[in-house]
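Here is the structure we will look at, set down as structure tokens.
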Amino acid sequence: MGKRTFCVIQLLSKLQSVTSHIEIITREIRDEEVGHFKAMTFPRFRPMLKRCRDYPNLYALGAWYQGRPAGLVLLSANPDKANAELLSVFVLKTLRQKEIGSTLLKQAETFLGDLGVRAIETKYSQSEKTSPAIEKCLSKAGWPKASLRMILFKSHVDNVLKAQWVKRFLEGEDGGVVSAWNSVSVQESAALEQQDWIPQELKPSVHASQGIDGAAVLPELCFVCRLKGEIIGWHFSHRLDEKTVRFSVSYVHPDQQANMVLARLWYHAAMQMKQTSYSIIRMGVAVQHGRMQDFCKKWLSPLCDEITYSMGSFKVLHQEQEAVWI
Ligand SMILES: CC(C)(COP(=O)(O)OP(=O)(O)OC[C@H]1O[C@@H](n2cnc3c(N)ncnc32)[C@H](O)[C@@H]1OP(=O)(O)O)[C@@H](O)C(=O)NCCC(=O)NCCS
């Protein structure tokens, strides 16, 4: 932990009104203290917390309340330290609403500011149960109100295959012929890279070998659609766990988007899923893909077991000093 500056903040004045001997201390946690804190973040971050040394841009600040571990904030900075992400913030249930969470957030900002970080963002899933606390806590620490960044859909594959609309549009091949993505030749792939109708982040080359988060591609669940020999759409699936597949990226030429090509690609992926051990489909649609969001709300929502709204907030930590003209 030598690379890190320990910051110790004692907040006595505000809290002394609650009892006569209350003390919150926040600082980076040491290797030997990880055991007390590892349950205080999401399971996916726990292995990283245990091996903090292997992640030079990961920072774990703990809060101690009356000398006992009480809360944790986990932060990840970009390698150039310009931006950072608040990965999680947690306070033990029995110690909530004692300003520990908001203190941790404020200290996280001071800590990142000292590293030279200029802005921080965070994402969380909206839920009636947990959102009011995190939203109040962020607001108390001076964060702007969060806005919708993504809608996350979760469905069982059987729901998709049973849907009436699926059967209706499958009749006829007017919208093109669907084949396995593996049928795409090197020449076709290279030609797609040059097409200007494809947004950069949706290009097949970005998703064909693995997900942007490193998730393994499932080649048997990836499809392409051709119309008169020209590629007009594709769908890529990635593995999330032994049961769950993410329908990560599906895109159709803007001129063909009215022809339900997208839904046909999904149908093929869902049909093929029945030949595998996967049964759950997850899909996230970013708010900037408005047409896709409308499409999913209309056709996918009725088939979903769960729809989650992913919220995001962004806070500027350092404003460039304004120029002063004399
Ligand atoms: C979110 C969390 C960290 C807040 O910690 P905390 O120590 O209770 O927060 P604070 O005491 O600093 O409270 C800050 C503000 O939020 C309010 N608040 C806290 N919990 C609240 C709740 N359940 N409902 C409504 N307001 C709440 C406080 O009253 C306070 O506002 P005030 O000063 O106007 O009264 C804590 O509730 C928690 O660990 N939740 C579970 C984990 C989680 O959901 N994390 C977020 C995703 S990473």
Side-chain angles (χ1 to χ4, degrees), residues 7-19 21-29 33-50 52 55 57-77 83-112 117 119-152 213 284 306-315:
C7 66
V8 179
I9 288 97
Q10 302 192 348
L11 291 178
L12 286 171
S13 55
K14 217 170 173 194
L15 295 166
Q16 254 163 355
S17 58
V18 186
T19 86
H21 190 69
I22 286 181
E23 186 180 31
I24 301 173
I25 294 179
T26 64
R27 61 162 168 80
E28 275 197 283
I29 62 174
E33 294 167 334
V34 164
H36 298 299
F37 291 92
K38 71 172 190 302
M40 298 191 195
T41 187
F42 299 108
R44 67 179 183 279
F45 297 133
R46 288 176 197 163
M48 291 157 73
L49 189 60
K50 274 203 248 166
C52 231
Y55 298 92
N57 300 310
L58 184 80
Y59 303 96
L61 299 189
W64 284 256
Y65 181 79
Q66 294 182 322
R68 296 219 305 273
L72 174 76
V73 67
L74 203 60
L75 308 159
S76 146
N83 299 317
E85 185 176 349
L86 166 65
L87 299 175
S88 70
V89 54
F90 180 90
V91 171
L92 289 181
K93 245 184 188 153
T94 50
L95 297 176
R96 288 183 187 162
Q97 306 216 40
K98 295 180 189 298
E99 301 199 0
I100 300 172
S102 45
T103 301
L104 265 171
L105 290 182
K106 287 176 198 158
Q107 291 316 314
E109 281 182 36
T110 308
F111 178 85
L112 292 172
V117 171
I120 178 167
E121 66 168 331
T122 194
K123 304 164 198 157
Y124 62 88
S125 296
Q126 198 163 52
S127 99
E128 274 177 31
K129 217 168 127 203
T130 60
S131 298
I134 184 63
E135 282 165 2
K136 274 292 274 301
C137 195
L138 286 169
S139 155
K140 187 155 186 182
W143 285 66
K145 195 172 172 354
S147 54
L148 180 67
R149 51 178 291 279
M150 203 175 237
I151 304 183
L152 306 163
D213 58 350
E306 192 182 297
I307 299 174
T308 313
Y309 295 88
S310 171
M311 309 299 288
S313 183
F314 181 87
K315 187 176 186 193

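Whatever order the structure lists them in is the order used to number ligands and atoms, beginning at 1.
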- request: Walk me through it: do Tyr65 and Leu92 pass the test side-chain contact (heavy atoms from CB on, under 4.5 Å)?
  value: CA-CA 10 Å; Tyr65 181 79; Leu92 289 181; over 6 Å; no

field: Residue pair Phe42, Leu74: steps toward the side-chain contact (heavy atoms from CB on, under 4.5 Å) verdict
entry: CA-CA 10 Å; Phe42 299 108; Leu74 203 60; over 6 Å; no

- request: Determine, stepwise, if the pair Glu121 / Arg149 fulfils salt bridge (Lys or Arg N to Asp or Glu O under 4.0 Å).
  value: CA-CA 12 Å; Glu121 66 168 331; Arg149 51 178 291 279; 5.9 Å; no

Could you pull out every N or O of ligand 1 that sits under 3.5 Å from a protein N or O, with the distance for each pair?
residue, atom, partner, partner atom, Å
ligand 1, 7 (O), Gly101, N, 2.8
ligand 1, 8 (O), Gln97, N, 2.7
ligand 1, 11 (O), Gln97, N, 3.4
ligand 1, 11 (O), Lys98, N, 3.2
ligand 1, 11 (O), Glu99, N, 2.8
ligand 1, 12 (O), Ser102, N, 2.9
ligand 1, 12 (O), Ser102, OG, 2.5
ligand 1, 29 (O), Gln97, OE1, 3.2
ligand 1, 33 (O), Lys140, NZ, 2.6
ligand 1, 39 (O), Val91, N, 2.8
ligand 1, 39 (O), Val91, O, 3.4
ligand 1, 39 (O), Arg96, NE, 3.4
ligand 1, 39 (O), Arg96, NH2, 3.4
ligand 1, 45 (N), Val89, O, 2.9

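By the side-chain hydrogen bond (donor to acceptor under 3.5 Å, both in side chains) test, Thr41 is found to be paired with Ser88, residues two or more places apart in sequence or in another chain being considered.
Applying the salt bridge (Lys or Arg N to Asp or Glu O under 4.0 Å) test between Glu33 and each of Lys38, Lys50, Arg68, Arg27 identifies Arg27 as the sole match.
For the atom pair CD1 of Ile134 and CE of Met311, the computed distance is 12.5 Å after rounding to the nearest 0.5 Å.
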